[in-house]
Participant: 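Got a structure here, written out as structure tokens. Questions coming.
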Number of protein chains: 2
Amino acid sequence: MPAPTPAPGETKARRRAGRPMASVLNQDGITAAALELVSKKGYDGLTMAALARSLGVAPSALYNHVSSKDEVLKLVEEDLMSKVDFGGFSTLPWEDAVRQWAYSYRGIFARHTPLISVIAVLPVTDAPQTLAMYEAVTEGFLQAGFPEKQIIPCIVALEAYIFGAAFDANAPADIFDSGRLADSTPHFTSAVRSLGPERNNYPSDLAFSMGLDALIAGLGALRV
Amino acid sequence: MPAPTPAPGETKARRRAGRPMASVLNQDGITAAALELVSKKGYDGLTMAALARSLGVAPSALYNHVSSKDEVLKLVEEDLMSKVDFGGFSTLPWEDAVRQWAYSYRGIFARHTPLISVIAVLPVTDAPQTLAMYEAVTEGFLQAGFPEKQIIPCIVALEAYIFGAAFDANAPADIFDSGRLADSTPHFTSAVRSLGPERNNYPSDLAFSMGLDALIAGLGALRV
DNA sequence: GAGATAAATGAACGTCATTCATTTATTGGT
DNA sequence: ACCAATAAATGAATGACGTTCATTTATCTC
């Protein structure tokens with residue numbers, strides 16, 4: 001069968017007459033509802049059915065505005081990106097700006113780790129908020145004196161660390177409990193115990209701060 | 001109805017007689033089959049049905065040996081951990097050992113990113129391979145002169161970076177293509193272009209190397 | 001009004017992980 | 001030899017879930 005060409009001599013269908021039914025739905029509303037749903041029920045509660053119900057609509061209606069659940073996740077991601085604080089890059093010394101940005105970035109995505117697997121592999125094309133962040137960060141690096149060629153690798157490295165740390169922030173306090181195997185891992189068990197008199201003291205925040213300082217110092221040395 | 005107490009005067013049911021049907025299945029076999037399935041079909045292809053079929057068995061039979069699909073993922077994770085190369089910690093200078101370990105760790109989990117969200121939050125209790133790795137790494141840090149209290153935070157920071165970088169390694173080459181919005185992000189777009197004459201040159205490996213060097217230098221300064 | 005348009009509906013579908021009553025195979029005790 | 005106990009394996013069923021599609025509903029232009 002021949003391809004269904006959309007009418008010869010026309011690149012697009014002519015919009016001749018008629019307007020649709022007044023829509024209750026749009027991408028902004030869907031995004032807001034998805035965010036509220038996630039904050040109340042977590043990502044397990046974010047189903048197309050639940051999303052539709054929270055909007056007072058049938059699940060299939062959503063597909064007139066988003067092509068898939070993955071697109072909903074992309075919309076949520078973009079919204080979160082707009083909340084990351086990169087303002088320091090135009091006002092603070094580079095080190096402080098990076099720290100502020102990294103803490104804000106990690107803080108936001110620590111509560112949205114299921115998005116990380118999506119983001120980390122998602123092209124920034126048509127993601128205005130994400131691009132706005134990258135633009136501001138890039139400018140900050142330029143003004144701090146980084147060679148242009150080093151900037152993207154630096155950002156990639158920092159983002160990798162931030163995403164990894166966001167996962168960490170959700171680890172349970174007893175993640176390093178060696179249990180029955182404590183005897184066979186004496187040095188590790190002792191190092192864990194040394195963190196505090198309380199058992200199972202997971203050092204997510206301390207570790208983030210230490211690693212971030214190391215990255216800032218090491219990458220900062222690339223400035224000319 | 002009263003609780004079904006397992007017989008008064010006995011804490012456990014007496015094992016009186018009888019042995020089971022000869023089992024074709026066990027956790028090792030399930031793990032091996034899961035790994036092979038993943039390497040051939042990816043994590044989308046790892047379903048309980050496909051796993052059962054590759055073992056010549058009904059899906060429900062798996063549940064006599066694992067309690068859930070999540071447990072299958074844990075088994076796979078443990079197997080992968082045993083393949084991470086931490087041997088340098090007993091033979092190489094600390095910097096080189098960390099580098100070798102980090103590259104090996106990232107290389108393995110870059111092909112298993114769906115596991116990262118599970119691992120990062122999974123207690124190490126009863127995970128012998130994982131604990132063996134932590135023990136060796138801890139020993140390496142001790143011998144290099146790190147104060148005991150600093151070691152776990154250092155490992156946590158390095159692991160966060162490694163996991164984040166593993167995601168990155170799977171990013172498409174055009175992830176930084178700003179597309180139609182290139183005009184509104186001039187500095188960022190230029191920085192991306194500066195990476196090479198070819199468009200869309202994603203610097204995952206370069207970034208990993210740079211960030212790792214920074215972390216090694218920064219954390220290494222904590223030695224006494 | 002007539003006809004075009006897009007949004008919304010509700011009933012499906014296919015894929016999953018998981019449960020459960022039942023059957024099958026194996027063994028030790030009598 | 002047989003019986004009782006045990007655990008493995010089966011197959012049918014369940015309940016989510018994302019998604020599709022023919023149909024209906026509401027709105028605007030001509």
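Below, chains carry the letters A, B, ... as their sequence lines are ordered, and counting in each starts from 1.
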Participant: Take B:F188 and B:F176 through the side-chain contact (heavy atoms from CB on, under 4.5 Å) test and state the conclusion after the steps.
Facilitator: CA-CA 9 Å; B:F188 172 69; B:F176 282 148; 3.7 Å; yes
Participant: Please list, pair by pair, any protein nitrogen or oxygen found under 3.5 Å from a nitrogen or oxygen in nucleotides 9-12 of chain D.
Facilitator:
| residue | atom | partner | partner atom | Å |
| --- | --- | --- | --- | --- |
| D:dA9 | OP1 | B:V24 | N | 2.8 |
| D:dA9 | OP2 | B:H65 | NE2 | 2.9 |
| D:dA9 | N7 | B:N64 | ND2 | 2.9 |
| D:dT10 | OP2 | B:A58 | N | 2.7 |
| D:dG11 | N7 | B:S60 | OG | 3.2 |
| D:dG11 | O6 | B:S60 | OG | 2.6 |

Participant: Answer yes if the side chains of B:Y134 and B:E159 hold a donor-acceptor pair under 3.5 Å, and no otherwise.
Facilitator: yes
Participant: Between CG of B:L35 and OG of B:S39, what distance do you get to the nearest 0.5 Å?
Facilitator: 7.5 Å
Participant: Checking A:E135 against B:S184: is there a side-chain donor and acceptor pair closer than 3.5 Å?
Facilitator: no
Participant: Does any donor atom in the side chain of B:Y202 or B:D168 lie under 3.5 Å from an acceptor atom in the other side chain?
Facilitator: yes
Participant: Students often mix this up, so state it plainly: with edges at 30° and 60°, are the rings of B:H112 and B:F109 parallel, tilted or perpendicular?
Facilitator: perpendicular
Participant: Closer than 3.5 angstrom, by distance alone: can the side chain of B:E77 be matched with the main-chain N or O of B:I119 as a donor-acceptor pair?
Facilitator: no
Participant: How many Å lie between OH on A:Y63 and C1' on C:dA6, as a whole number?
Facilitator: 19 Å
Participant: Regarding A:E71 and A:Q27, do their side chains bring together a donor and an acceptor under 3.5 Å, going by distance alone?
Facilitator: yes
Participant: Scan nucleotides 15-17 of chain D against the protein and return all N/O pairs shorter than 3.5 Å with their distances rounded to 0.1 Å.
Facilitator:
none

Participant: Separation of A:I30 atom CD1 from C:dA7 atom P, in whole Å?
Facilitator: 11 Å
Participant: Take the protein atom NZ of B:K41 and the nucleotide atom C1' of C:dC16, then report the distance between them rounded to whole Å.
Facilitator: 17 Å
